[in-house]
Protein chains: 2
Amino acid sequence: MEERTFGSLMQELRKGKGLSQEELAFRCGLDRTYISLLERGLRVPTIATLFKVSAALTIRPEEFIARMRVQFGNWQKDGSRE
Amino acid sequence: MEERTFGSLMQELRKGKGLSQEELAFRCGLDRTYISLLERGLRVPTIATLFKVSAALTIRPEEFIARMRVQFGNWQKDGSRE
DNA sequence: ACAAAATTCAGACTATAGTCTGTGGAGCGG
DNA sequence: CCGCTCCACAGACTATAGTCTGAATTTTGT
């Protein structure tokens, strides 16, 4: 199955809006190179950063989280049906 | 208006399940004192921690985020209607 | 092929997430 | 009063989030 991380999702949304990493960084108030690190999955953001990036990409943060497919620890996004 | 932070929401859910901070910490694989810091708003968790805590409290992480009311930077939860 | 824009990468750095150990206080039941 | 549980708190520590500068590399448009 396809793994959609925070970074890959962010990249997808960014490109969908025709933004460069640098432009997104400016809108987030974050560093140019840090956006690059996030997209490549080399950093795990705090929820404060999640909110900033979500705002910059005009998506609700819960929407952002909901669209992720990841394993953090023993959490499985798919197969978790309540 | 009522401000519901990550910490206060976590505390509410924890107490709702009748768990001590220590029991929750164990279920999350986090430190006892760190749970205390989170509840008092003295730390901002990474999204990895969000997923761990959500799993321990049997709530979907996007649900958790959705139930927060916070100002991170210039983000306003309420009044953001798209 | 060329130049410019976009991104990656490296290193050194600062800020803060998260751990560990212990202390002291509040509340509660014997 | 005594022991017990839970929690706040402090301090010192380790790991990693996030910044900054600049150079190397890839991508893109013409």
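Letters go in sequence order (proteins before strands), and every chain restarts at 1. Only a predicted model underlies this, so the values are computations on that prediction, with no experimental measurement involved.
- Listed nucleotides: D/dC20, C/dA17, C/dT21. Nearest to the side chain of B/T46: C/dA17.
- Taking the nucleotide of DNA chain D with the nearest heavy atom to each of B/R43 and A/R43, the more 5' of the two is matched to B/R43.
- The separation between B/R40 atom CZ and C/dG18 atom C1' is 14 Å, rounded to whole Å.
- The closest donor-acceptor contact from the side chain of B/R43 to the backbone of B/R40 lies at 3.5 Å or more, if one exists at all.
- At least one donor-acceptor pair closer than 3.5 Å links the side chain of B/S54 to the backbone N or O of B/L50.
- What separates CD of A/E22 from C1' of C/dT7 is a distance of 10 Å, to the nearest Å.
- Candidate nucleotides D/dC7, C/dT7, C/dT19 were compared by shortest atom distance to the side chain of B/Q21, and D/dC7 ranks first.
- For B/V44, the listed nucleotide lying nearest its side chain is C/dA17; candidates were C/dA17, D/dA8, D/dA17.
- Of the two residues contacting DNA chain D, namely B/L19 and A/G29, the nearest-nucleotide position lying further toward the 5' end is that of B/L19.
- For A/S20, whose side chain is taken as the heavy atoms from C-beta onward, the closest listed nucleotide among C/dG22, C/dA6, C/dT8 is C/dA6.
- Rounded to whole angstrom, the span from the CD atom of B/E39 across to the C1' atom of D/dA8 amounts to 11 Å.
- If you check C/dA10, C/dG18, C/dT19 against the side chain of B/Y34, the one that comes closest is C/dG18.
- Taken from CD1 in B/I59 to CD in B/E62, the straight-line distance is 9.0 Å, to the nearest 0.5 Å.
- Rounded to whole Å, the distance from CD1 on B/I35 to P on D/dC9 is 16 Å.
- Atom pair A/M10:CE and D/dA17:C1' shows a separation of 14 Å (rounding to whole Å applied).
- Distance CZ (A/R14) to P (C/dA6): 10 Å, rounded to an integer number of Å.
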### Task
Any chance you could lay out the side-chain hydrogen bond (donor to acceptor under 3.5 Å, both in side chains) test for A/S36 and A/T33, step after step, and finish with the verdict?
CA-CA 5 Å; A/S36 174; A/T33 62; over 6 Å; no
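- Nearest nucleotide to the side chain of A/T33, out of C/dT19, C/dA17, C/dA10: C/dA10.
- The nearest whole Å value for the distance from the CD1 atom in B/I47 to the P atom in C/dG18 is 11 Å.
- Nearer to the 5' terminus of DNA chain C, by closest-nucleotide assignment, is the contact made by A/Q11 (compared with the other of B/T49 and A/Q11).
- Nearest to the side-chain atoms of B/R32 among the listed nucleotides C/dG22, D/dT19, D/dA23 stands C/dG22.
- Under the 3.5 Å distance criterion, the side-chain polar atoms of B/E23 are matched with a main-chain donor or acceptor of B/S20.
- The CG-P distance, from B/D31 to D/dC9, rounds to 16 Å in whole Å.
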